[in-house]
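None of these values were measured; they are calculated from a predicted model. Below, each value reflects all heavy atoms present in this structure, side chains not excepted, and no hydrogens, waters or symmetry copies. Sequence lines set the chain letters: A, B, ... in the order given, protein chains first and strands last, and positions in each chain run from 1.
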Amino acid sequence: MDEGEKRERYAVLVKSLGYTIDNNEKKRKDAVLPPLPLKNKDQPVVMRIAPNPNGPATIGHARGIITNGEYARMYKGKFILRFDDTDPKTKRPLIDAYKWYAEDCRWLGYNPDEIVIASDRIPIYYEYAKKLIEMGKSYVCLCEKEDFKRFKDNSKPCPHRDQSVEENLEYWRGMLSGEYKEGEVVLRLKTDINNKNPALRDFAIFRIIYEDHPRISNRYCVWPMLDFESGIEDHLLRVTHIIRGKDLIDSERKQRFFYDYFGWEYPVTIYWGRIKIHEFGKISTSSIKKGIENGEYTGWDDPRLPTIRALKKRGIDPIAIKNFVISLRVNISDITISMENLYAENRKIIDDKAKRYFFVDDPIKLKVKGIDNSVEKHVKIPIHPNFPERGYRELNFKDVVFITSKDYNKYMNSIVRLKGLFNVRIDKNEVYYAGDEIKDLPIIHWLPSGLKMRVISPEGTYNGLGEEGLENSIDEVVQLERFGYARIDFVDKDGEIIAYFTHK
RNA sequence: GCUCCGGUAGUGUAGCUCGGCCAAUCAUGUAGGGCUCUCAAUCCUACGACACGGGUUCAAAUCCCGUCCGGAGCACCA
């Protein structure tokens, strides 16, 4: 019985006896991943993530980072970040993305133990290619793409399949020294031309690309295909477990051919399905990139985006992301999940910490009638209602209040309580004092005056007045009462507070 | 078309390997209520699922077959 199971049983037992469980325990319970199948108990667990560096990490990537990183941690193993940047043309790497991605890992709490960049290791892949040619397991194919497809689809060997090792080595040298044009020639792995799965028949492992690589320029013109590079690396890095998208399921079948040729043991593989978020739809880094280029988004951390940087900017705690991701587990079926689940996790973490303040969105200035306005009233409201020992904030009222136009319209002609102050009846452009006693009235927030403030949310921007004190909460997540949580980003040169909406 | 996967409440999950303890777990959500000078937090209650049809068996969410629905791959992309 593992820890989680024990806890469950205990909880059931306790409940059956009529006791209640300490709530804090429930709240602080850290999400735990199910155990990993271990082939060899003595072998250290090595996990990896292998992104294409074309942008910073998104929530989808966070799933990979956290799950793999967490497993490495659970088994006191190693966590590797490897950039599979072997196509400078159609999957052109973004030079900043290498750095961004590593930063995102670190921020999520999973600093990679090792970072490997495939484009640094091309000669290694060449060595293994040469070995395969020498073993008679690989050949240079000069077929037109369409011709090869025809052969392949009919389980017919292409004319180059039976070339001698010497011929292949000669062609291979030619490839490396730039004697061929793009698309003219390719190195194939000799698999099984009769395999019932056409995807596995003599697939390409190297091709010619003359495009400059953003990191290493034009140093190479022969580039390995992902299936090859990734398979070689997983072996060289002694990766024990691979967790990857189910779209790569044929990749394993392909790689097993050369693992067999080399006599290597294939890592344990676990597949997961695609993750789709209600609020964002399917996440694709390339579409985000396009949106940034055409000005639709302000950048990779635009709060409307599902990137880790955007979530950070909005005040989502990395632990909340962890708990959220782990709750998804590792499942092969595609899932559609709502951000609400992430927000719920985040609320559990930030609510105890978040200072309370008022933010009056779309404010309306109202004169207060029916009371002696010559005296100033000092109102004290706790910074956090559940922790009065943290102190109070003070609002100094004198004859006018600002309330949101939403409340103004909603409570027109009715009596409401201005939190901490007194009751008023709302009328056109003014409010009338309606007593001090605390009755069963709607409670609304207000401000006697305030600082210009803007809250940027995925749905739009809210302009209004922020309570004094907010300007001292830079980089903190606060709760704007009756509005929602927000992270205070900065105060601009005009004194306006700029905040990002976290969630309700 | 060919290969290969998957289908538990609105959503995400546990259980499926080794059938019984499952009239099915937990979370989120929604609704109602308690507490509270926030529509937050917190507490209580309620709602809600084994895709369908057959079979095996004393017993099926769990094993087998079929149907339906969904997904992935079939690139000189990752």
field: Watson-Crick/G-U partner (both atom distances under 3.5 Å) of B/A51
entry: B/U67
- prompt: Out of B/G71, B/A40, B/U28, which has the shortest distance to the side chain of A/Lys246?
  reply: B/G71
- prompt: Does a donor on one side chain sit under 3.5 Å from an acceptor on the other, for A/Asp227 and A/Ser251?
  reply: yes
message: Under 4.0 Å, counting only non-hydrogen atoms across every strand here, what does A/Asn54 touch: a base, just sugar-phosphate, or nothing?
response: nothing
- prompt: When you compare B/U28 with B/U13, how far apart are their C1' atoms, in angstrom units rounded to a whole number?
  reply: 10 Å
message: Any non-hydrogen side-chain atom of A/Lys137 less than 4.5 Å from a side-chain atom of A/Phe258?
response: no
query: How far, in whole Å, is B/C63 from B/G20 if one measures between their P atoms?
result: 11 Å
Whole-angstrom distance between B/U17 and B/A61, as gauged at atom P: 13 Å
query: Taking only side-chain nitrogens and oxygens of A/Arg207, does any of them come within less than 4.0 Å of OP1 or OP2 of B/C77?
result: yes
- request: State whether A/Asp234 and A/Arg48 are salt-bridged, where the test is any N-O pair (Lys NZ or Arg NE/NH1/NH2 against Asp/Glu carboxylate O) under 4.0 Å.
  value: yes
query: Contact class for A/Leu248 vs. all strands (heavy atom < 4.0 Å): base, sugar-phosphate, or nothing?
result: base
field: Integer angstrom distance from the P of B/G73 to that of B/G55
entry: 38 Å
field: Shortest side-chain distance from A/Pro385, nucleotide among B/U38, B/C77, B/C37
entry: B/U38
task: Please state the P separation for the pair B/C16 and B/A51 - nearest whole angstrom.
output: 16 Å
field: P spacing across the pair B/C26 / B/G32, given as an integer number of angstrom
entry: 23 Å
query: Which comes earlier along RNA chain B counting from the 5' end, the contact point of A/Thr86 or that of A/Arg274, where each point is its nearest nucleotide?
result: A/Arg274
message: Given B/G71, B/C37, B/C74, identify the nucleotide with an atom nearest to the side chain of A/Ile443.
response: B/C37
message: Does B/U11 have its OP1 or OP2 closer than 4.0 Å to a side-chain nitrogen or oxygen of A/Lys276?
response: no
query: Are A/Asn323 and B/A27 close enough that a side-chain N or O sits under 4.0 Å from OP1 or OP2?
result: no
A/Lys39, NZ atom: more than 12 neighbouring heavy atoms under 6.0 Å: yes
- request: Provide, to the nearest angstrom, the distance between the NE2 atom belonging to A/His384 and the C1' atom belonging to B/A40.
  value: 8 Å
task: Could you tell me whether A/Arg329 contacts a base, only the sugar-phosphate backbone, or nothing, with contacts defined as non-hydrogen atoms closer than 4.0 Å?
output: sugar-phosphate
- prompt: Any idea how A/His235 and A/Tyr259 line up, ring-wise: parallel (<30°), tilted (30 to 60°), or perpendicular (>60°)?
  reply: perpendicular
- request: Map A/His445 and A/Glu345 onto RNA chain B by nearest heavy atom, then report which one ends up closer to the 5' terminus.
  value: A/Glu345
message: Between B/C37 and B/A23, how many Å separate the two C1' atoms, rounded to a whole number?
response: 46 Å
- request: Could you tell me whether A/Arg201 contacts a base, only the sugar-phosphate backbone, or nothing, with contacts defined as non-hydrogen atoms closer than 4.0 Å?
  value: nothing
- prompt: In the structure shown, which nucleotide is the Watson-Crick or G-U wobble counterpart of B/C37, with both distances under 3.5 Å?
  reply: none
Between C1' of B/U28 and NZ of A/Lys504, the distance in whole Å: 18 Å
B/A24 pairs with, by Watson-Crick or G-U criteria that keep both distances under 3.5 Å: none
message: Please confirm whether the shortest side-chain N or O distance from A/Lys196 to OP1 or OP2 of B/C4 is below 4.0 Å.
response: yes
Heavy-atom pair with the smallest gap, counting every atom of A/Asp85 and A/Ser119: OD2-OG, 2.6 Å
message: Centre-to-centre under 6.0 Å for A/Tyr125 and A/Trp223, is that the case here?
response: no
- prompt: With rounding to whole Å, what would you report as the distance between B/C4 and B/U8 at their P atoms?
  reply: 23 Å
query: In whole angstroms, how far is the P atom of B/C37 from the CD atom of A/Glu481?
result: 12 Å
message: Taking any heavy-atom pair under 4.0 Å as a contact, classify A/Lys89: base, sugar-phosphate, or nothing.
response: nothing
task: Using a heavy-atom cut-off of under 4.0 Å over every strand shown, decide if A/Lys149 touches base, sugar-phosphate, or nothing.
output: sugar-phosphate
- prompt: Could one point to a donor on the side chain of A/Lys419 or the base of B/C37 with an acceptor on the other under 3.5 Å away?
  reply: no
